[in-house]
Amino acid sequence: MSPTRRRLVGGLDLGGTKIQAVLLDGHRSVVAQARHPTPRDGGPQNVIEELASTLAEACGQASVEATDLAGVGVGSPGAIDTESGVVTGAGNLPGEGAPIPMGAGLRELAGVPTYVENDVTVGVNAEYVLGAARGSRSLLGVWWGTGVGGGIVLDGEVWEGRGAAGEIGHVVVKVGGARCTCGRRGCLEAYAGRGAMEIRARHLHGRGQKTELFKIMEKRGRERLQSGIWARALEHGDAMAIQLIDRAVEALGAGVASAVNLLDVETVVIGGGLGTRLGEPYVERIREAMGPHLFVTERPPEVRCAALGDLGGAIGAALLVPEAAA
Ligand SMILES: [Zn+2]
């Protein structure tokens with residue numbers, strides 16, 4: 001085996017609808033990638049098998065075996081025990097939140113050292129190391145997707161608190177406000193999470209308010225209002241989509257500015273499925289919505305769109321492998 005090949009590392013981003021694999025070389029450049037749908041049925045073992053097969057496809061492109069890799073990192077939704085590599089509470093995956101022994105399972109199937117971490121944490125870290133926040137010493141990552149997740153880097157170190165830091169989606173933007181999917185009231189996610197926005201859209205639609213959202217969804221053969229559907233409805237000037245996204249942007253402005261008042265970070269990166277899909281024009285709107293809530297108005301943080309796009313999660317997962325992080 002050549003020294004270059006020995007340094008290849010794998011990264012897997014496990015999402016609710018797709019699994020993205022990448023291989024990084026010694027310069028942390030993507031040399032191969034593959035994407036498979038996330039299994040919809042079965043249990044934990046089906047998820048682990050599909051992860052291994054997506055990784056194997058990427059390895060095939062680079063003419064290596066998974067066993068040649070220095071290691072593979074996995075970014076997964078849910079609560080992660082990073083020591084054991086066990087994932088719990090990932091409700092969008094087959095098995096409905098049952099514990100998934102991802103680290104041990106993948107190590108056995110693919111024959112490669114495996115490291116598992118939360119998907120938002122690895123995505124934010126990728127933007128810190130290689131993406132939009134490169135060169136910043138402090139960062140707040142806001143992952144605007146089905147929920148609103150977050151990650152914090154302070155003085156060059158990831159801040160995880162006692163394990164649950166960065167939950168910006170559950171910062172309260174309105175006391176006694178809208179019901180959040182977490183069961184509480186007034187959380188940022190209750191206004192900005194794509195899941196909560198879909199619940200609101202279905203409610204308004206059921207009461208007779210007109211919208212193109214569900215027509216676009218059906219035309220695309222989808223069951224959920226995915227990011228691309230929101231983007232298309234906005235392009236069409238759909239009144240309900242505009243109203244709900246406006247409400248989300250306003251809530252993001254208040255929640256993110258409040259977090260900045262507390263942490264005084266250099267850079268805010270807006271990522272996640274919806275954040276990445278809507279891109280810079282909406283990042284600009286979030287920047288404007290933050291303005292009235294910032295305590296130190298003359299020195300606002302940089303607010304940027306995530307730069308690594310769809311591959312950011314998988315690249316961040318690969319950085320979990322010690323050989324890639326070094
Ligand atoms: Zn909440």
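Computed from a predicted model, the values in this text were never measured in an experiment. Both ligands and their constituent atoms are indexed starting at 1 by order of listing.
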Do Val283 and Val148 share a hydrophobic cluster, counting only Ile, Leu, Val, Met, Phe, Trp and Tyr and linking them when any side-chain heavy atoms are less than 4.5 Å apart? yes
Sort by chain and number the protein N/O/S atoms that are closer than 2.8 Å to the Zn ion (ligand 1), and list them. His170 ND1, Cys180 SG, Cys182 SG, Cys187 SG
So, does Gln20 use its side chain to make a donor-acceptor pair with the main chain of Ala314 at under 3.5 Å? no
Closest non-hydrogen contact found for Glu127 with Ala132 is OE1-N, 2.8 Å
Can you give me the closest heavy-atom contact between Gly71 and Val112, atom names plus distance? CA-CG2, 3.6 Å
Looking only at heavy atoms, what is the nearest atom pair of Ser138 and Val265, with distance? OG-CA, 3.4 Å
For a quick test of reading the model, state the closest non-hydrogen atom pair linking Ile19 to Pro39 and the distance between them. CD1-CD, 4.3 Å
